[in-house]
2 protein chains.
Amino acid sequence: MGDETALTVDGDISGSNSRSHVLDVYPLNCYYFGSKQALSLNDETIADRVDRMKSNYAAHGLRTCVEAVILVELFKHPHVLLLQIRNCVFKLPGGRLRPGESEIDGLKRKLERKLSIGEEGSGLDWEVGECLGMWWRPDFETLLYPYLPPNVKKPKECIKLFLVKLPASRRFTVPKNFKLLAVPLCQIHEDHKTYGPIISGVPQLLSKFSFNIIEP
Amino acid sequence: MGDETALTVDGDISGSNSRSHVLDVYPLNCYYFGSKQALSLNDETIADRVDRMKSNYAAHGLRTCVEAVILVELFKHPHVLLLQIRNCVFKLPGGRLRPGESEIDGLKRKLERKLSIGEEGSGLDWEVGECLGMWWRPDFETLLYPYLPPNVKKPKECIKLFLVKLPASRRFTVPKNFKLLAVPLCQIHEDHKTYGPIISGVPQLLSKFSFNIIEP
């Protein structure tokens, strides 16, 4: 770590006039992992999904999803925690808000459900930090954009990414039908094909931070 | 703007528990544009440039560049101000810090030189905001990454992007050999080929903001 500490000073990251951000990251081996009963998944076709989004939109308006960017350290490089479903799809932990639910409460509820022992309210808390970015879906079947495209007055979905800071230790309990993976920033950067536009852009969204890797 | 105002509420952006950011953006026609004497440019080959970077690195260590993300509104969509050089290369306004110079002072100096009347110290000030992202060049001839790649102990260059907020009106004075362009977010998003990795990623770096477009 000697060289990297020197680098921080060279780069003026710790300088008094710097407007950069420092983020503490703990090694993967600070955390414990267990499994719990499988979560039921929607086994629907794309057409079913579009129909469900349309009827939900008619009832509740804009769909808002909240997702967590959670980091651990491995091989002196930050890794993002991703859930893998059915050995193919990668997702940031999170999900859809209930009507009227706040973003923070909704994200904590989803993290409880997907990463903690209890279904809800197990007592462990999650430190939800700043919003890192937002993606918009202008129509039910279209692509996502990191801005509201011109002339789109009524987008159908907004996906908001929040930084979630881990404590120095914690236990993760993951449903049996999900895999929890720690994937290095250098692997997901610009790999749209494997990870999709949102996850493959996470390294950029984190690029303003300098990482303070804490050895146990 | 009626629908967009409603959208802000739907999206919970203005909600009390939101951690999103609101950014005021003024229309392009709030600003005045003039020209001034051409700036001398380095007419060097790539090999010359690598040699210059190497000797500068030997003398001063890590090269730090600071660049400004400046927004205006046109057709109800945010546009980024880019400088175009020789009808081909697009750049964010900014440049290299002098040894020992602070990031904020250096960026203000570069903005004076490239976008204001005086060479330096014309009196107009620039509101340099938060750091949006950083890109690293591990070696003199290699690609840029939005993180420090694993095992890179001595990167050669760090490019830091700062949000620069415009006042409700101002005059820009641009060297005759540069063109100042306002390019819509939807045009630069993911267009690596035209704009390079840094500029084409700016829409993502701005995606956490909701834009408050101020009509004059």
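Sequence lines set the chain letters: A, B, ... in the order given, protein chains first and strands last, and positions in each chain run from 1.
Only the backbone of A:Leu132 comes within contact range of chain B, with heavy atoms under 4.5 Å apart.
Distance check, rounded to the nearest 0.5 Å: CG of A:Leu144 to OG of B:Ser207 gives 11.5 Å. The CG atom of A:Leu148 sits 12.5 Å away from the NZ atom of B:Lys76 when rounded to the nearest 0.5 Å. The structure places OH of A:Tyr145 at 13.5 Å from CG of B:Leu185, a figure rounded to the nearest 0.5 Å.
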Legend entry - Candidate pair A:Cys186 and B:Tyr147, rule side chain to side chain contact (heavy atoms under 4.5 Å, CB included), full reasoning: CA-CA 8 Å; A:Cys186 60; B:Tyr147 47 82; 3.4 Å; yes

Inset, instruction - May I have the step-by-step check of side chain to side chain contact (heavy atoms under 4.5 Å, CB included) for B:Lys208 and A:Lys160, ending in yes or no? - result: CA-CA 8 Å; B:Lys208 69 177 174 182; A:Lys160 301 182 84 161; over 6 Å; no

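The minimum heavy-atom distance between A:Gln204 and B:Leu205, with the atom names listed, is O-CD2, 3.2 Å.
Side-chain contact between A:Pro146 and B:His189 is present, with at least one heavy-atom pair separated by less than 4.5 Å. Within the 4.5 Å cutoff, the side chain of A:Phe209 has no heavy atoms near those of the B:Met134 side chain. Two residues are said to be in side-chain contact when any heavy atoms from C-beta on lie closer than 4.5 Å; B:His192 and A:Glu190 meet this criterion.
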